[in-house]
Amino acid sequence: FPYWAGMSCSSRTLLRGVAVCQQLHCGLPFRRMATKASTRVSTIIQEQLESIKAAGTWKGERIITSSQAASIRVSTNEREVLNFCANNYLGLSNNKQVMEAAKQAIDTHGNGLSSVRFICGTQDIHKDLERRIAQFHGLEDSILYASCFDANAGIFETLLTPDDAVISDELNHASIIDGIRLCKANKHRFLHRNMSDLEDKLKATQGQRIRLIVTDGVFSMDGNVAPLTTICDLADAYDALVMIDEAHATGFLGPTGRGTSELLGTEGRIDIINSTFGKALGGALGGYTCASKEIVALLRQKSRPYLFSNSLPPSVVGATIKVFDMLQADPSLPQKVQTNTQRFRQGMAKAGFTVGGDPNHPICPIMLGDARLASEFADEMLKRDIFVIGFSFPVVPKGKARIRVQISAAHTEEQIDRAIKAFTEVGKIKGVL
């Protein structure tokens, strides 16, 4: 509009209205007319985006055109590709029994609640699932959230005051970091899995009312396991609580899938367990906190993500109840994850790759170092019908870029061997081997 600057406010408003009507009539997306402020912000953001691309760390989104599974379809490939980058550890994301349970829950309990829990958003199936979660972990009670991110965002601010201290592993998940930022407790970080440094932090905080040690059970980028036995020993010695995030452990780690504490024999010594339904337990969404009845009761009264978020939809609740039923009836799925993990790790090590992480965990980081190499390596793998993703800064530290492979119970031996063969081919082309 050439005469925009000289127009009155009412004239400008009229022209905006005409423009909006034209866009709506033509089916065009509406875009706010440029101002000095919006133009300046766009320029600033565009410079940031270009720097990300120049560094080779741009994160594109490949479009999947099928259900999540070990073998999937993506929009860029005519053939199916093998998926080795999903959190679908138990292969239940498209399990027929789980999907049927979701459908039945919709039939009996509807599509959604249109409410938060404390108003009119609690159904019998929500309470049933909370009871099953507590029973599964051997704790008194549990509370559902829209995600594990919300569970982590809601606990520290609720539980801790300026008279308390939270002591967190430096490589904990972003949701733990953000949750801790929201609380007013004294904040301390200990060096990654460094028990001497943790003890120093415990000694330095002995005057605090409550001290909470927080760690991932399994660290998602590295696939390594927290030293829970020593952490629990230190907590006992210094009168502290222990909280673990089990997002990358629940359902598949340990003989019956009860997670890191079962794997390491620390059942009954963990005070708070946060975890997710969005990975091994069906792969949809939702999370929870499992703890004493007093902690859970306080969260129901004061945890903001719980109080101000809609209830989990019945389909997710019904499907997740089915997953817990399956886990308690048959431990073969966690065992299959372990068998597949060993086959992949041993094959990759034999080929000459550096595979990070705990030897028993299905997160298998293939260490490459360079960010651009990791991105290009993943692109070459897709050409060979293997779907993996390169991870680089800021998701992982600079100089530690990698392909994070995740093994599922749904993978067959033939599929695992195909992936190893493709990695070997690309590794030789890229000079990694």
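Residues L160 and I210 form a side-chain contact, since some pair of their non-hydrogen atoms from C-beta on lies under 4.5 Å apart. With a 4.5 Å cut-off on side-chain heavy atoms, F353 and L433 count as touching. At a threshold of 4.5 Å between non-hydrogen side-chain atoms, the residues M195 and I231 count as touching. Counting heavy atoms from C-beta on, the side chains of R402 and M221 come closer than 4.5 Å. Side-chain contact between L228 and T215: present, with at least one pair of heavy atoms (C-beta onward) separated by less than 4.5 Å. By the 4.5 Å heavy-atom criterion applied to side chains, I270 and H137 are not counted as neighbours. In this structure the side chain of V214 never reaches within 4.5 angstrom of the side chain of N152, judged on heavy atoms. Within the 4.5 Å cutoff, the side chain of I155 has heavy atoms near those of the L299 side chain.
Minimum interatomic distance between G217 and I244 (heavy atoms only, all atoms of both residues): N-CB, 4.4 Å. Across every non-hydrogen atom of A235 and V242, the tightest pair is CB-CG2, 3.4 Å. Closest non-hydrogen pair, P162 versus N186, comes out as O-ND2, 3.2 Å. Minimum interatomic distance between G110 and P314 (heavy atoms only, all atoms of both residues): O-CG, 3.3 Å. Minimum heavy-atom separation, N274 to C290: OD1-N, 4.4 Å. D197 and L191 get closest at one heavy-atom pair: OD2-N, 2.8 Å.
Looking only at distances, no side-chain donor or acceptor of N87 sits under 3.5 Å from a matching main-chain atom of H248. Counting only distance, with no hydrogens or angles, the side chain of D358 and the backbone of V225 share no donor-acceptor pair below 3.5 Å. Of the possible polar contacts, one joining the T205 side chain to the L202 backbone as a donor-acceptor pair under 3.5 Å is found. Here the side chain of E267 pairs no donor or acceptor atom with the backbone of G138 at under 3.5 angstrom. Checked by atom type and distance alone, the side chain of N77 never pairs as donor or acceptor with a backbone atom of R79 at under 3.5 Å. Looking only at distances, a side-chain donor or acceptor of T276 sits under 3.5 Å from a matching main-chain atom of G286. Looking only at distances, a side-chain donor or acceptor of N172 sits under 3.5 Å from a matching main-chain atom of D216. Remark: the backbone N or O of A371 is not paired with any side-chain donor or acceptor of S375 at under 3.5 angstrom. Remark: the backbone N or O of N224 is not paired with any side-chain donor or acceptor of H361 at under 3.5 angstrom. A donor-acceptor pair under 3.5 Å is absent between the side-chain atoms of R404 and the main chain of G223, judged by distance alone.
Tested against T122, the residues E130, R300, R117 include a single side-chain hydrogen bond (donor to acceptor under 3.5 Å, both in side chains) partner, R117. With V426 as reference, R384 is the one residue of K383, R384, E376 to meet the side chain to side chain contact (heavy atoms under 4.5 Å, CB included) rule. Partner S303 forms a side chain to side chain contact (heavy atoms under 4.5 Å, CB included) with one of L159, V296, T158 and no other, that one being T158.
A donor-acceptor contact closer than 3.5 angstrom is absent between the side chains of Y238 and Q206.
The 12-atom threshold is not exceeded at CZ of R189, counting heavy atoms of other residues, nucleotides or ligands nearer than 6.0 Å. Within a 6.0 Å radius of CG in D124, more than 12 heavy atoms belonging to other residues, nucleotides or ligands are found. Around the NZ atom of K336, the shell of radius 6.0 Å holds more than 12 heavy atoms that belong to other residues, nucleotides or ligands. Remark: R304 CZ is loosely packed, at most 12 non-hydrogen atoms of other residues, nucleotides or ligands lying under 6.0 Å away. Shown here is E413, whose CD atom has no more than 12 heavy atoms of other residues, nucleotides or ligands within 6.0 Å. No more than 12 heavy atoms of other residues, nucleotides or ligands lie within 6.0 Å of NZ in K302, so this atom counts as exposed by the packing criterion.
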Side chains of residues 252-265: which donor-acceptor pairs under 3.5 Å do they make with residues two or more places apart or in other chains?
residue: T256; atom: OG1; partner: R258; partner atom: NH1; Å: 2.8
residue: T256; atom: OG1; partner: E262; partner atom: OE1; Å: 3.2
residue: T256; atom: OG1; partner: E262; partner atom: OE2; Å: 2.5
residue: R258; atom: NE; partner: F136; partner atom: O; Å: 3.0
residue: T260; atom: OG1; partner: E246; partner atom: OE1; Å: 2.6
residue: T260; atom: OG1; partner: E246; partner atom: OE2; Å: 3.3
residue: E262; atom: OE1; partner: T256; partner atom: N; Å: 3.1
residue: E262; atom: OE1; partner: G257; partner atom: N; Å: 3.3
residue: E262; atom: OE1; partner: R258; partner atom: N; Å: 3.0
residue: E262; atom: OE2; partner: T256; partner atom: N; Å: 3.4

Taking only distance into account, with no hydrogens and no angle test, what donor-acceptor pairs under 3.5 Å do side-chain atoms of residues 69-76 form with protein atoms, sequence neighbours excluded?
residue: S71; atom: OG; partner: E80; partner atom: OE1; Å: 2.6
residue: R73; atom: NH1; partner: E78; partner atom: O; Å: 3.1

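Rounded to the nearest 0.5 Å, atoms OG (S142) and NZ (K293) are 15.0 Å apart. Atoms CG and CG, on L144 and L312 in that order, are 5.5 Å from each other to the nearest 0.5 Å. For the atom pair H109 NE2 and Q123 CD, the distance stands at 5.0 Å (nearest 0.5 Å). Taken from CD1 in I52 to OG in S392, the straight-line distance is 10.0 Å, to the nearest 0.5 Å. With rounding to the nearest 0.5 angstrom, the NE2 atom of H411 is 10.0 Å from the OG1 atom of T341. Rounded to the nearest 0.5 Å, atoms OG1 (T339) and CZ (F344) are 15.5 Å apart.
Salt bridge D379/R62: present, at least one basic N to carboxylate O contact under 4.0 Å. A salt bridge does not link D107 with K103: every distance from a Lys NZ or Arg NE/NH1/NH2 to an Asp or Glu carboxylate oxygen is 4.0 Å or more. Contact check on D325 versus K322 returns no salt bridge, with no Lys/Arg side-chain nitrogen under 4.0 Å from an Asp/Glu carboxylate oxygen. Ionic pairing of R269 and D236 is present here: one or more N-O contacts between side-chain nitrogen and carboxylate oxygen are shorter than 4.0 angstrom.
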Q. Please walk me through it: do D164 and T161 pass side chain to side chain donor-acceptor pair (under 3.5 Å)?
A. CA-CA 5 Å; D164 306 317; T161 73; 3.1 Å; yes
Q) When you look at F277 and Y288, which way does the ring-ring contact (aromatic ring centres under 6.0 Å, His included) test go after all the steps? A) CA-CA 8 Å; F277 307 141; Y288 59 86; 5.4 Å; yes
Q: Would you check, one step at a time, whether the test salt bridge (charged side-chain N to carboxylate O under 4.0 Å, His left out) holds for D417 with K421?
A: CA-CA 6 Å; D417 293 344; K421 181 181 178 182; over 6 Å; no
(Q) Before you tell me yes or no, could you show the steps for S168 and I177 under side-chain contact (heavy atoms from CB on, under 4.5 Å), namely the whole-Å CA-CA distance, both residues' side-chain angles and the distance that decides it to 0.1 Å? (A) CA-CA 8 Å; S168 176; I177 295 170; 5.6 Å; no
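Listed by first and then second residue, the ring pair (Phe, Tyr, Trp, His ring centres under 6.0 Å) pairs that reach into residues 376-397 are F377-F423, sequence neighbours excluded.
The distance between the ring centers of H192 and F219 falls below 6.0 angstrom.
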